[in-house]
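Worth saying up front: this structure is predicted, and the values here are computed from it rather than measured.
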Amino acid sequence: MDSVNKTLYIPLYGKAYVSKKGIILKDKKAEEIWDKETFALKGKSSSKWLAYYMGVRSAVFDEWVKKQMKDKDDTVVIHIGCGMDSRVLRVGTMQHKWYDVDFPHVIEERKRYYSESSDYKMIAGDVRYDDWLTSIPENKKAVIVMEGVSMYLTFKELQELTARLCVHFQQISLLMDCYTILAARMSKYKNPINDVGVTQVYGMDTPELLQNDKFIYVKEHIMIPQKYIDELTGIEKYIFEKLYAGGFSKKLYRLFEYRKA
């Protein structure tokens with residue numbers, strides 16, 4: 001795998017870590033894959049604080065997806081940049097069509113651990129281009145998650161991706177996390193992804209800039225809800241809250257929801 005694709009092991013480790021501790025997120029599949037792969041993380045990427053953050057981030061996305069699926073019938077779920085994530089197992093398809101999308105070599109690796117079904121398919125493709133969308137016959141409603149993806153796309157690539165999604169689907173609900181411009185600049189010098197060789201990332205401060213006549217910014221979500229912080233105790237809770245949930249954190253990470261109605 002290239003450097004960007006190796007970043008998938010960082011959230012995998014985080015979800016396996018919190019799952020084994022019995023907090024934040026239950027993810028037996030992450031535990032299974034991590035134990036078998038034993039990818040050697042180093043430096044900041046193996047930090048327990050980052051593991052807690054990755055676990056909380058995934059739990060927040062899970063909650064949003066569940067709500068969207070319950071509120072919308074006749075919709076498909078698309079997880080862009082799925083990596084080795086087991087969201088489809090944690091959430092369940094609820095009889096919706098679910099598509100996990102990532103680079104071909106990631107999907108090849110993923111198929112060692114996941115099996116397709118009538119409701120669940122894996123799509124190999126580069127979301128910077130539009131050929132992968134031809135694998136999705138449904139075109140009415142889509143619930144789309146982009147967790148840990150936007151920072152590897154330029155603003156132009158994000159615009160083009162959302163425009164293609166708007167052409168394909170009649171209605172869209174999309175949730176994605178973003179680095180701020182400050183975080184992107186700092187990432188050249190201090191970011192766990194540096195430990196797997198990634199130095200170029202991108203940020204966005206103004207979510208409204210991604211809007212067009214069809215694609216509308218809805219709101220910003222809380223990245224680290226208090227209920228997950230409260231699952232930690234003592235000094236760990238204090239440190240995590242200061243590092244990842246305070247005002248400084250918001251200067252680095254944001255969580256935005258968009259829609260096409």
Side-chain angles (χ1 to χ4, degrees), residues 8 11-12 14-16 18-19 23-30 33 53-102 106-107 110 113-114 116-123 127 132-133 135-136 138-151 158 161-162 165-166 168-178 207 210 215-225 227-228 231 253-261:
L8 66 85
L12 178 66
K15 284 171 278 194
V18 298
S19 184
I23 59 173
I24 300 170
L25 191 78
K26 184 178 181 180
D27 196 334
K28 291 298 181 183
K29 180 60 75 172
I33 298 172
Y53 169 74
M54 291 296 177
V56 171
R57 184 180 75 175
S58 289
V60 169
F61 271 87
D62 285 359
E63 285 187 358
W64 182 82
V65 173
K66 286 179 184 177
K67 183 179 187 306
Q68 298 299 316
M69 292 170 73
K70 288 178 180 178
D71 291 348
K72 298 177 177 64
D73 55 8
D74 193 26
T75 190
V76 298
V77 181
I78 303 173
H79 185 174
I80 293 176
C82 59
M84 301 298 281
D85 186 82
S86 69
R87 174 160 293 120
V88 65
L89 301 180
R90 296 193 306 266
V91 173
T93 63
M94 303 181 197
Q95 298 183 322
H96 292 273
K97 295 289 186 180
W98 186 302
Y99 297 94
D100 276 347
V101 184
D102 215 314
V106 175
I107 294 298
R110 184 178 178 85
Y113 291 97
Y114 295 89
E116 294 184 325
S117 68
S118 59
D119 291 338
Y120 173 64
K121 304 295 181 184
M122 290 175 271
I123 299 176
V127 298
W132 65 277
L133 269 170
S135 299
I136 302 177
E138 296 84 4
N139 64 1
K140 292 183 180 180
K141 303 175 186 176
V143 171
I144 303 170
V145 289
M146 292 173 52
E147 179 184 0
V149 172
S150 71
M151 54 284 299
L158 267 180
L161 171 57
T162 54
L165 290 169
C166 285
H168 189 87
F169 294 105
Q170 296 173 19
Q171 295 183 28
I172 292 171
S173 295
L174 183 148
L175 186 68
M176 69 176 181
D177 56 324
C178 299
L210 200 57
F215 192 65
I216 306 300
Y217 170 63
V218 178
K219 65 178 180 179
E220 181 171 358
H221 288 255
I222 297 173
M223 182 75 82
I224 309 292
K227 65 180 180 180
Y228 293 117
E231 292 197 37
Y253 306 104
R254 311 283 291 278
L255 185 59
F256 301 133
E257 180 177 349
Y258 294 87
R259 66 175 169 85
K260 175 193 175 185

To the nearest 0.5 Å, tell me how far [X] [atom1] sits from [Y] [atom2].
| X | Y | atom1 | atom2 | result |
| --- | --- | --- | --- | --- |
| N139 | Q170 | CG | CD | 5.5 Å |
| Y99 | K121 | OH | NZ | 8.0 Å |
| I144 | I80 | CD1 | CD1 | 5.5 Å |
| L174 | L165 | CG | CG | 7.0 Å |
| I33 | Y113 | CD1 | OH | 6.0 Å |
| M176 | L210 | CE | CG | 5.0 Å |

Any donor-acceptor N/O pair, [X] side chain to [Y] backbone, under 3.5 Å:
| X | Y | answer |
| --- | --- | --- |
| E138 | T75 | no |
| Y258 | P207 | yes |
| H96 | M69 | yes |
| S86 | A30 | no |
| K15 | D27 | no |
| D100 | M122 | no |
| H168 | I136 | yes |
| S173 | R259 | no |
| Y53 | I224 | no |
| K66 | F61 | no |

Validation row: [X], [Y] side chains within 4.5 angstrom (heavy atoms):
| X | Y | value |
| --- | --- | --- |
| E147 | S58 | yes |
| Q68 | V145 | no |
| V77 | T93 | no |
| E63 | P225 | no |
| W132 | I78 | yes |
| L133 | F169 | yes |
| R57 | Y253 | no |
| D62 | L25 | yes |

- request: State plainly whether the residues R110 and D102 are in salt-bridge range, i.e. N to O under 4.0 Å.
  value: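 No, R110 and D102 are not salt-bridged.
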- request: State whether D85 and R90 are salt-bridged, where the test is any N-O pair (Lys NZ or Arg NE/NH1/NH2 against Asp/Glu carboxylate O) under 4.0 Å.
  value: yes
If you compare all heavy atoms of [X] against all heavy atoms of [Y], which two are closest, and at what distance to 0.1 Å?
| X | Y | answer |
| --- | --- | --- |
| W98 | G92 | CZ3-O, 3.9 Å |
| D74 | K141 | O-CB, 3.7 Å |
| Y120 | V88 | CD1-CG2, 3.7 Å |
| M223 | V56 | O-CG1, 3.9 Å |
| I107 | C82 | CD1-SG, 4.1 Å |

- prompt: Hey, is CG on D71 packed in by over 12 heavy atoms from elsewhere, all under 6.0 Å?
  reply: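 Above 12, so yes.
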message: E220: which residues meet the side-chain hydrogen bond (donor to acceptor under 3.5 Å, both in side chains) condition with it, sequence neighbours left out?
response: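 E220: side-chain hydrogen bond (donor to acceptor under 3.5 Å, both in side chains) contacts with R254.
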- request: Could you list the residues that satisfy side-chain hydrogen bond (donor to acceptor under 3.5 Å, both in side chains) with E231, not counting sequence neighbours?
  value: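 So E231 forms no side-chain hydrogen bond (donor to acceptor under 3.5 Å, both in side chains) with any residue.
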message: List the residues meeting salt bridge (charged side-chain N to carboxylate O under 4.0 Å, His left out) with K29, not counting sequence neighbours, and say none if there are none.
response: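 Residues passing salt bridge (charged side-chain N to carboxylate O under 4.0 Å, His left out) with K29: E32.
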